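Some notes on the structure that comes next.
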Amino acid sequence: MIIDLKNAKKLQTLKGWGTSACWWSQYCADEKTAKEIAELLYGDNGLHLNIYRYNVGGGTDENNYRVKDPWRRTESFMLYDRETEETSWDFSRDKNAVNMMRLCLETGNVDTLILFANSPHYSQTSTGQASGSLLMHTCNIPKSNYKKFVDYFLTVTQHFLDEGFPVKYISPINEPQWKWGGSYVWQEGCHYETEEMIEIYHLFAEEIIKRNMPVKLYGPESGSMTENTKEYLEAMLADETIMQVLDIFAYHSYHHDDSPEVRCEFKKDFIEKYPQLRFDMSEWCELPNKSHTKNFKGALITARVIGQDIIYAGAESWTSWVAVNGFAIHEDGFDYSDATITSNPDFSDWYIAKRYWGFAHYSKYIPVGSKALDIGCYATSDNNALNAFGFETPSGETVLVIVNEKERTEIKLNGDFSEMKIIRSSQNEELNEIYNGQFKNSFVSDENSIITVILK
């Protein structure tokens, strides 16, 4: 592979890297463990992330729920009395999740705090549950409760603002196109038709403006780059009130891990067509997950997808789905948890998954404000085993991330540099600095490895 850095074209400016505290953080009660995980994710010696997604849960009615996994149920600040239909507030609830958010903020690296919801509060839904309608592809909140949902979410937002949490964005709807509900449910979720989604966003925008709140809307967190995304964007652009408050169009890049062309089409259809908008990739994990936590293949796929989401699809930030997920032991004895860290239910046993290092090759070396570079290296579905992605940091360094899922390959560089550093991860090594010295225009990328090359 020959990489021409002399003629690299500067692309979008990166706003950073993030993850979600959804579900897991509410069970991380031990302070020592919480601090260790906060450092691994947001600390200077960890992933050095800067985007934090806090889940405003829809809550659980202990007498009326269908989600069996405790890690997929949430504790809400708003209490509901079924007999009197009255509500009250207790902001001492969800204390572990709030503490985790505070610890991550204390690293000093979080500049973007997003509050997001998978469902309205259960008391506002048609089923009295936060896990979707009894019918698939059916909205679970009646129109008469739209304003209640807005007030609920903004009350939580204002509480965090008053407590000094630097909330920048709110995202009240997540993956509106999926079925959410029916006979089998596994987590919180709520389906919305486009017109229902727009009406709710409009009400949020009106109320944010009315209350003069220092937050922007973020969304609609489309569950796929191709499913309904064009329809959602056009509907939002047609609503002037929403566009006064919508700062970022957020989407998820699930389901296309082996299709670089889909990402290129997304860039052509959205990024290039609407240069006035910011597009963020706000959720991804390997889905379906075929890589167990001890298999470096998970890191290779993660690193490949990150690079293609940024360079091919034009995302300005990249956020993984959950930072931590529970053990998922399959019949082969391996753990197929899909997060960067995996844990048992009470965090008495947890460890870092291999895919963590795939993320680290970007977030540790490519800071906020870096420019993505078009270095002319584009993979296809038929030839997707060797990928190279380029970036220019604010300090003027050029950083390459090379993801090699094939045999040992020689890499040649065309560029004027004096120094270089090479950091490598593979099945048996993690961020191993294998070279630090004078620039050389040729080196080898080992099979099934990720390397970050820092050029000065």
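Remember, predicted model here, so these are calculated numbers, not experimental data.
We find that Lys456 and Glu397 are joined by a salt bridge, their nearest charged nitrogen and carboxylate oxygen being less than 4.0 Å apart. No salt bridge links Lys294 with Asp335; every basic N to acidic carboxylate O contact stays at or beyond 4.0 Å. A salt bridge between Asp269 and Lys230 is absent, with no side-chain N of the basic residue lying under 4.0 Å from a carboxylate O of the acidic one. Glu405 and Lys297 are joined by a salt bridge, as a carboxylate oxygen and a charged side-chain nitrogen come within less than 4.0 angstrom of each other. Between Glu221 and Arg53 there is a salt bridge, with a side-chain nitrogen of the basic residue lying less than 4.0 Å from a carboxylate oxygen of the acidic one.
Here the two rings, on Phe77 and Phe160, have centers that are under 6.0 Å apart. For Tyr251 and Phe266, the distance between ring centers is under 6.0 angstrom. Annotation: Tyr312 is in aromatic contact with Tyr378 [ring centroid separation under 6.0 Å]. Checked against a 6.0 Å centroid threshold, the rings of Trp318 and Phe359 count as neighbours.
At a threshold of 4.5 Å between non-hydrogen side-chain atoms, the residues Ile311 and Asn387 do not count as touching.
Residues Asp257 and Trp284 have side chains that bring a donor and an acceptor to within less than 3.5 angstrom of each other. Side chains of Gln308 and Asn384: a donor on one and an acceptor on the other come within 3.5 Å. Defined by atom type and a distance below 3.5 Å, a donor-acceptor pair is missing between the side-chain atoms of His252 and Ser222. A donor-acceptor contact closer than 3.5 angstrom is absent between the side chains of Asn55 and Gln26. Asn404 and Ser449 share no donor-acceptor pair across their side chains, judged by distance under 3.5 Å alone. Using modelled atom types and a 3.5 Å distance limit, the side chains of Glu429 and Ser426 yield a donor-acceptor pair. Side chain to side chain, Tyr54 and Asp94 meet the donor-acceptor criterion of an N or O pair below 3.5 Å. Side-chain contact, Glu39 with Thr107: no donor N or O sits under 3.5 Å from an acceptor N or O. Thr19 and Ser320 share a side-chain donor-acceptor pair at under 3.5 Å. Side-chain contact of His361 with Thr452: a donor-acceptor pair under 3.5 Å is present, judged by distance alone. In summary, the side chains of Glu283 and Ser20 do not present any donor paired with an acceptor at a separation below 3.5 Å, with no hydrogens or angles considered. No side-chain donor-acceptor contact under 3.5 Å links Asp280 and Ser282. Ser381 and Glu261 are linked by a side-chain donor-acceptor pair at a separation below 3.5 angstrom, with hydrogens and angles left out of the test.
The number of heavy-atom neighbours closer than 6.0 Å to CD of Glu331, taken from other residues, nucleotides and ligands shown, is 12 or below. Shown here is Gln438, whose CD atom has no more than 12 heavy atoms of other residues, nucleotides or ligands within 6.0 Å. Residue-environment remark: CD1 (Ile2) stays at or below the threshold of 12 foreign heavy atoms within 6.0 Å.
Figure legend: Lys421 and Tyr365 shown without cation-pi pairing, the cationic atom not lying both under 6.0 angstrom from the six-membered ring centre and within 45 degrees of its axis. A cation-pi arrangement is not found for Lys267 relative to Phe279, the charged atom failing to lie both closer than 6.0 Å to the ring centre and inside a 45° cone about the ring normal.
Listed for the Asp374 side chain is no donor-acceptor partner under 3.5 Å among the backbone atoms of Lys9. Without hydrogens or angle criteria, Arg93 side chain to Ser76 main chain gives a donor-acceptor distance under 3.5 Å. Without hydrogens or angle criteria, Asn109 side chain to Tyr42 main chain gives a donor-acceptor distance under 3.5 Å. Put simply, the side chain of Thr409 gets close to the backbone of Glu407: a donor and an acceptor are under 3.5 Å apart. Proximity of a side-chain donor or acceptor of Ser171 to a complementary backbone N or O of Tyr218 within less than 3.5 Å is detected. Side-chain atoms of Glu188 come within 3.5 Å of backbone atoms of Gly58 as a donor-acceptor pair (strictly under, hydrogens ignored). The closest donor-acceptor contact from the side chain of His292 to the backbone of Asn295 lies under 3.5 Å. The backbone N or O of Pro166 sits nowhere less than 3.5 Å from a side-chain atom of Lys168 that would complete a donor-acceptor pair. Tyr52 places a side-chain N or O within 3.5 Å of a backbone atom of Met101 that can act as its donor or acceptor partner. Remark: side-chain polar atoms of Tyr351 are not paired, donor with acceptor, to backbone N or O of Thr293 under 3.5 angstrom.
Ring orientation note: the planes of His137 and His191 are nearly perpendicular, at an angle over 60° on the 30°/60° scale. Relative orientation of the Trp17 and Tyr362 rings is tilted, given thresholds of 30° and 60° on the angle between their planes.
Separating the CG atom in Asn7 from the CD1 atom in Ile375 is a distance of 12.0 Å, to the nearest 0.5 Å. Interatomic distance, Leu5 CG to Glu392 CD, rounded to the nearest 0.5 Å: 10.5 Å.
When all heavy atoms of Trp71 and Pro345 are compared, the pair lying nearest together is NE1-O, 3.3 Å. For the residue pair Arg278 and Tyr169, the shortest heavy atom distance occurs at NH1-OH, 3.7 Å. When all heavy atoms are compared, the tightest approach of Thr393 to Pro367 is CG2-CD, 3.9 Å. Taking every heavy atom of both residues into account, Ser363 and His48 meet most closely at O-CB, 4.1 Å. Of all the heavy atoms in Val368 and Gly16, the pair that sits closest is CG2-CA, 3.9 Å. When all heavy atoms are compared, the tightest approach of Pro220 to Phe249 is CD-CE1, 3.3 Å.
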key: Full working for side chain to side chain contact (heavy atoms under 4.5 Å, CB included) between Phe153 and Phe204   = CA-CA 9 Å; Phe153 200 106; Phe204 267 98; 3.7 Å; yes

message = Working note: Asp346 + Ser348, criterion side-chain hydrogen bond (donor to acceptor under 3.5 Å, both in side chains); need CA distance, chi angles, decisive distance, verdict.
response = CA-CA 6 Å; Asp346 66 358; Ser348 59; 2.7 Å; yes

